[in-house]
Enquirer: 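Dumping the structure here so I can ask a few things about it.
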Amino acid sequence: MAILLGCGMARNLTENRTRNTLIIVVVFGLCSFFYLLGAWQRSGSGGGDKIQNWVNEQTKCAQLPNLNFETHHRASDLPNNTGSSKIKPFEPCDEKYTDYTPCEEQMRAMTFPRDNMIYRERHCPPDKEKLYCLIPAPKGYVAPFRWPKSRDFVPYANVPHKSLTVEKAIQNWVHYEGNVFRFPGGGTQFPQGADTYIDQLASVIPVAEGKVRTALDTGCGVASLGAYLLKKNVLTMSFAPRDNHEAQVQFALERGVPAYIGVLGSIKLPFPSRVFDMAHCSRCLIPWSGNDGMYMMEVDRVLRPGGYWVLSGPPIGWKIHYKGWKRTKEDLQNEQKKIEQFAELLCWKKISEKDGIAIWRKRLNDKSCSMKQDKPKIGKCELANDNDVWYKKMEVCITPLPEVNSVSEVAGGQLEPFPKRLNAVPPRITLGSVPGFSVQSYEEDNKLWQKHVEAYKKINNLLDTGRYRNIMDMNAGLGSFAAALESPKLWVMNVIPTIANTSTLGVIYERGLIGIYHDWCEGFSTYPRTYDLIHSNAIFSLYQNKCKFEDILLEMDRILRPEGAVIIRDKVDALVKVEKIANAMRWKTRLADHESGPHVPEKILFAVKRSWVVANKSI
C-alpha cells in the first residue's frame with residue numbers, strides 16, 4: 001500500500017512538473033506572439049487599437065516581477081545582528097527651541113568678535129551641547145499654502161514674528177493681516193514692487209532670455225527679488241544673517257523661495273568659483289568699499305565670466321538721496337569712488353547707472369583685460385583647488401580664470417541658455433575639469449536618475465504635483481535627481497558634502513540649478529520646518545565613520561516640515577540602522593527594494609514625518 005501511494009505521489013509530481021513546464025512555455029509563447037503582433041501594429045500594418053486593447057486586457061505580460069518594491073530584507077538577515085538593538089524614542093525639545101538653528105544661535109554668536117561680522121557666521125555647538133530631542137512646531141502650525149499663493153501669503157502661526165511688519169512697514173516688505181502675513185513684493189530699494197525693479201534690470205541685463213539663470217542675492221531680506229525673478233525663470237540663491245531683522249530667511253523659505261542663513265563676513269561663501277550669472281545687492285549693508293575690496297573680490301570669485309553685479313542703494317544715487325540717508329555728500333562720493341576703483345581693478349565694466357541702480361559686467365577672460373595688479377598687496381589668489389572654501393578665510397586677491405586662446409573666448413566654456421543647459425553637457429565635464437567624470441558617464445547618470453525618479457513616483461505619486469515645493473538633495477552628485485524633477489512647481493537645494501571625494505557643485509550650477517557645500521556632521525544653515533521633501537543618496541555610507549547617524553537624522557527631522565517626506569537610498573545594512581532611528585523619531589517608514597530587484601544590496605527607505613504638538617506631548 002505504501003509503495004502504491006509512493007508511486008502515485010511520484011506520478012502526481014511528474015504530472016505537476018509537466019503541467020507547470022507547459023504553462024510556462026505557453027505563457028512565454030503568448031507573450032512573444034503578442035510582442036511581435038504589437039510591433040507589427042506599430043509599424044502601421046496592424047489591425048488598429050481594438051486588437052491592441054483586447055491583447056492588453058487578456059494578457060498582463062508587461063507586469064515585471066522586478067518592479068515589486070516590497071523589501072525582501074529584514075534585520076535578522078544581516079550579519080552581526082545589525083538590527084537587534086532597540087533605540088529609545090526621542091522626546092520633544094522644550095518649546096523655546098521652536099526656531100532653533102544650531103550653528104547660528106544668538107547666545108553663542110554674542111561670544112564671538114563683531115569685526116567683519118564674525119559673530120554672525122556659523123558657530124556650531126560642541127558635541128556635549130548638541131540637542132538629542134525633536135524640535136517642536138509652534139502652536140497652531142498648519143501646512144503652508146501651495147505655490148504660487150505661498151509667494152504672497154504665509155500663515156501667521158507658522159512664523160509668529162511681527163517685528164518686520166513694523167520695522168519695514170513703509171518699504172512694503174510684509175504686512176500682517178488677520179491670521180496671515182501678506183508679501184506685496186516690495187523691498188528697501190523697490191517699495192513700488194519687485195516687478196518694476198526687475199523690469200529696470202531687464203532693460204540692461206538679458207534676464208528673460210535664458211542667459212541669466214542663476215543669481216545670488218546678498219542680504220536678501222524676505223527674498224522678494226528671488227520670488228519675482230522666478231517669473232523670468234531665474235533661480236536665485238538668497239541669503240541673510242540671523243540678526244535683529246527677525247526671521248527674514250524663515251519667511252523666504254516659508255514663501256517657497258530658495259534661501260539660507262548666511263553673511264558676507266570673514267569666511268568664503270559656500271560655493272565654488274564661476275557659478276552665478278548675476279549677483280545682487282539692494283541696500284544690503286555690506287561695506288563694499290572696505291577691507292581693500294575683499295568683498296567685491298569674493299563676488300568676483302563666484303561670478304561667471306561675463307556675469308553681472310547689481311548694486312542699488314547707498315552710495316549709488318547719492319546726489320539725490322544723501323539727505324534721506326543722513327550722510328554727507330563727501331562721504332558717499334568717496335565710498336562710490338572706492339567701489340569704482342575696485343571694480344576697475346577686477347576688470348569689471350560699468351554698463352549702466354540710472355535711477356539709483358548701478359550695473360557692472362565681469363570680464364570674459366583674463367586676456368580681455370590686463371590685470372591691474374601692480375600693487376604688491378593685490379595679487380592673484382593661489383588656490384590648489386578653488387572649490388576648497390568650507391570655513392576658509394576670505395582673501396584680498398583676485399581669483400584667476402581658466403586659460404583661453406583668444407580675447408573673445410569665454411573662460412571655462414560658453415553655457416547654453418536655459419532650459420537647454422539643463423541637460424546639455426556642462427563645460428566642466430567637456431573640458432575634463434571634474435576627475436572621474438566623462439561625457440559618457442554624465443549622460444548615463446542622467447538616464448539612471450530619470451529611472452530612479454520614475455520608480456519613486458510609483459511609491460509617492462505626489463512627488464511632482466506641487467505638494468512638495470522646497471526639496472533638498474543631501475548628496476546631489478551631478479544634480480541629475482533635481483534635473484529629472486525640474487518644474488516651476490518646485491526647486492531643489494543641491495547639497496555637496498564637504499567630505500565628498502569629488503566636488504561636482506560647479507557642474508550643478510552649469511546645468512542651471514543651485515546648491516551649496518555642507519558638512520552633515522553639523523547643522524544646516526536654515527530654520528526648522530523649511531523643507532517639504534528630503535532626498536538622501538548614500539549619505540549614511542559616506543558618513544559612517546565621521547559622525548553618528550542620530551546627528552544626521554535629527555537634523556533632517558529639524559529642517560523637515562510636519563508631514564514632509566523623506567527618500568533615503570543606501571546600502572541595506574545602513575538603512576536598517578536608519579529605519580530604527582527614524583521610528584524612534586516617530587516617522588512612518590517603509591523599506592523598499594531597489595527598482596532593479598530584491599537582489600540588489602542598495603535599498604530605498606521612504607518615510608513621512610508625523611505632525612504633532614508639544615503642548616500635551618501627543619505624538
Side-chain angles (χ1 to χ4, degrees), residues 27-28 31 35 38 56 59-75 77-78 82-83 422-423 437 440-465 467-468 471-487 489-490 492 494-495 504 508 511 513 532-542 544 553 556 564-580 582-583 587-609:
V27 170
F28 178 77
C31 288
Y35 174 79
N56 290 338
T59 63
K60 303 292 184 181
C61 298
Q63 190 165 354
L64 301 177
N66 66 351
L67 292 182
N68 174 18
F69 280 86
E70 291 297 337
T71 183
H72 293 258
H73 290 261
R74 295 291 183 269
D77 299 333
L78 300 174
T82 304
L422 181 65
N423 290 307
F437 290 96
Q440 181 180 349
S441 62
Y442 167 79
E443 292 175 343
E444 288 172 352
D445 190 74
N446 268 337
K447 292 176 183 177
L448 178 64
W449 280 101
Q450 287 168 5
K451 177 183 175 183
H452 288 338
V453 169
E454 287 305 310
Y456 292 162
K457 291 177 184 177
K458 292 179 180 179
I459 297 292
N460 186 344
N461 58 10
L462 300 176
L463 199 57
D464 58 354
T465 63
R467 165 66 177 82
Y468 307 110
I471 297 178
M472 175 179 284
D473 192 357
M474 296 175 67
N475 187 14
L478 298 174
S480 298
F481 169 76
L485 282 176
E486 170 60 26
S487 165
K489 298 176 184 177
L490 56 87
V492 179
N494 294 281
V495 181
T504 51
I508 288 169
R511 302 187 72 169
L513 304 170
D532 303 297
L533 185 145
I534 299 176
H535 178 259
S536 162
N537 177 41
I539 273 291
F540 295 95
S541 292
L542 181 65
Q544 192 135 23
L553 284 159
M556 292 169 68
V566 177
I567 303 173
I568 304 175
R569 178 181 289 269
D570 217 313
K571 294 177 181 177
V572 65
D573 55 342
L575 284 187
V576 169
K577 296 178 186 177
V578 167
E579 187 175 28
K580 283 187 167 294
N583 289 333
W587 289 5
K588 296 178 183 178
T589 62
R590 176 183 176 184
L591 192 59
D593 280 325
H594 190 281
E595 56 268 18
S596 295
H599 301 295
V600 179
E602 182 180 87
K603 306 296 173 185
I604 306 109
L605 182 69
F606 294 88
V608 175
K609 177 181 174 178

Enquirer: Among residues at least two apart in sequence or on other chains, which ones pass side-chain contact (heavy atoms from CB on, under 4.5 Å) with Asp445?
Expert: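 Counting only residues at least two positions away or on another chain, Asp445 forms a side-chain contact (heavy atoms from CB on, under 4.5 Å) with Trp449, Leu478, Ser480.
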Enquirer: Got a second to check how far Ile539's CD1 is from Leu553's CG, nearest 0.5 Å?
Expert: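 Separation between the atoms: 11.0 Å.
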Enquirer: Does Lys588 have any side-chain hydrogen bond (donor to acceptor under 3.5 Å, both in side chains) partners at least two apart in sequence or in another chain, and if so, which?
Expert: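 Listed in chain order: nothing, the list is empty.
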Enquirer: Identify, with sequence neighbours excluded, every residue that meets side-chain contact (heavy atoms from CB on, under 4.5 Å) alongside Ala476.
Expert: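 Ala476: side-chain contact (heavy atoms from CB on, under 4.5 Å) contacts with Asp473, Asn494, Ile496, Ile508.
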Enquirer: What verdict does the side-chain contact (heavy atoms from CB on, under 4.5 Å) test give for Asp593 and Val600, after you've listed the backbone C-alpha separation in whole Å, the side-chain angles of each residue and the deciding distance to 0.1 Å?
Expert: CA-CA 8 Å; Asp593 280 325; Val600 179; over 6 Å; no
Enquirer: Using 30° and 60° as the class limits, which term best fits the ring planes of His535 and Phe481: parallel, tilted or perpendicular?
Expert: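 Geometry flag for Phe481 against His535: parallel rings.
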Enquirer: Test of understanding: with salt bridge (Lys or Arg N to Asp or Glu O under 4.0 Å), list the residues that count as partners of Glu579, not counting sequence neighbours.
Expert: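 For Glu579 there are no salt bridge (Lys or Arg N to Asp or Glu O under 4.0 Å) partners, ignoring immediate neighbours.
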Enquirer: Are Met556 and Val566 packed together at the side-chain level, in the sense that at least one heavy-atom pair is separated by less than 4.5 angstrom?
Expert: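 Met556 reaches Val566 side chain to side chain.
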Enquirer: Apply side-chain contact (heavy atoms from CB on, under 4.5 Å) to the pair Met472 and Leu533, showing each step before the final yes or no.
Expert: CA-CA 6 Å; Met472 175 179 284; Leu533 185 145; over 6 Å; no
Enquirer: Can you tell me how far CG of Leu591 sits from CZ of Phe606, rounded to the nearest 0.5 angstrom?
Expert: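 Spacing of CZ (Phe606) from CG (Leu591) equals 10.0 Å.
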Enquirer: Can you give me the closest heavy-atom contact between Leu462 and Tyr468, atom names plus distance?
Expert: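 Minimum heavy-atom separation between Leu462 and Tyr468: O-CD1, 3.6 Å.
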Enquirer: Please report the shortest heavy-atom distance between Leu422 and Arg511, naming the atom on each side.
Expert: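 Heavy atoms only, the tightest pair is O-NE, 2.8 Å.
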Enquirer: Restricting to non-hydrogen atoms, name the atom on Ile604 and the atom on Leu575 that form the minimum distance, rounded to 0.1 Å.
Expert: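 Closest approach of Ile604 to Leu575: N-CD1, 3.8 Å.
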Enquirer: Does Ile567 form a side-chain contact (heavy atoms from CB on, under 4.5 Å) with Tyr456? I'd like the steps, not just the answer.
Expert: CA-CA 8 Å; Ile567 303 173; Tyr456 292 162; 3.7 Å; yes
Enquirer: Who passes side-chain contact (heavy atoms from CB on, under 4.5 Å) against Lys457, sequence neighbours left out?
Expert: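 side-chain contact (heavy atoms from CB on, under 4.5 Å) list for Lys457, sorted by chain: Val453, Glu454, Leu463, Asp464.
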Enquirer: side-chain hydrogen bond (donor to acceptor under 3.5 Å, both in side chains) with Gln450: which residues, sequence neighbours excluded?
Expert: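 If we apply the side-chain hydrogen bond (donor to acceptor under 3.5 Å, both in side chains) test to Gln450, skipping adjacent residues, there are no hits.
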Enquirer: For a quick test of reading the model, state the closest non-hydrogen atom pair linking Ala483 to Asn423 and the distance between them.
Expert: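 Minimum heavy-atom contact is CB-OD1, 4.3 Å.
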Enquirer: Can you sort out the partners of Arg467 under salt bridge (Lys or Arg N to Asp or Glu O under 4.0 Å), two or more places apart, ordered by chain and number?
Expert: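 Residues passing salt bridge (Lys or Arg N to Asp or Glu O under 4.0 Å) with Arg467: none at all.
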Enquirer: Determine whether Asn583 and Thr589 satisfy the following criterion, side-chain contact (heavy atoms from CB on, under 4.5 Å), listing intermediate values before the conclusion.
Expert: CA-CA 7 Å; Asn583 289 333; Thr589 62; 3.1 Å; yes
Enquirer: For Leu448, check side-chain contact (heavy atoms from CB on, under 4.5 Å) against everything at least two apart and list the hits.
Expert: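 Applying side-chain contact (heavy atoms from CB on, under 4.5 Å) to Leu448 gives His452.
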Enquirer: Under the side-chain hydrogen bond (donor to acceptor under 3.5 Å, both in side chains) rule, collect the residues that match up with Ser541, sequence neighbours excluded.
Expert: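 side-chain hydrogen bond (donor to acceptor under 3.5 Å, both in side chains) check on Ser541 returns Asp570.
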Enquirer: If every non-hydrogen atom of Leu490 is compared with every non-hydrogen atom of Leu485, which pair is closest and at what distance?
Expert: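 Shortest heavy-atom contact: CD1-O, 3.6 Å.
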Enquirer: Let's go through Glu602 and Lys571 carefully: what are the C-alpha distance in whole Å and the side-chain angles of both, what is the deciding distance for salt bridge (charged side-chain N to carboxylate O under 4.0 Å, His left out) to 0.1 Å, and is it a yes or a no?
Expert: CA-CA 4 Å; Glu602 182 180 87; Lys571 294 177 181 177; over 6 Å; no
Enquirer: What pair of heavy atoms forms the shortest contact from Ala592 to Lys603, and how long is it?
Expert: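 Taking every non-hydrogen atom into account, O-CB, 3.4 Å.
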Enquirer: Report the distance from atom CZ of Phe437 to atom OG1 of Thr504, rounding to the nearest 0.5 Å.
Expert: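 One finds 6.0 Å between CZ of Phe437 and OG1 of Thr504.
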Enquirer: Determine whether Arg569 and Glu595 satisfy the following criterion, salt bridge (charged side-chain N to carboxylate O under 4.0 Å, His left out), listing intermediate values before the conclusion.
Expert: CA-CA 11 Å; Arg569 178 181 289 269; Glu595 56 268 18; 3.2 Å; yes
Enquirer: Just one of Asn475, Leu542, Ile568 clears the side chain to side chain contact (heavy atoms under 4.5 Å, CB included) bar with Ser536, so which one?
Expert: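 Passing option: Ile568.
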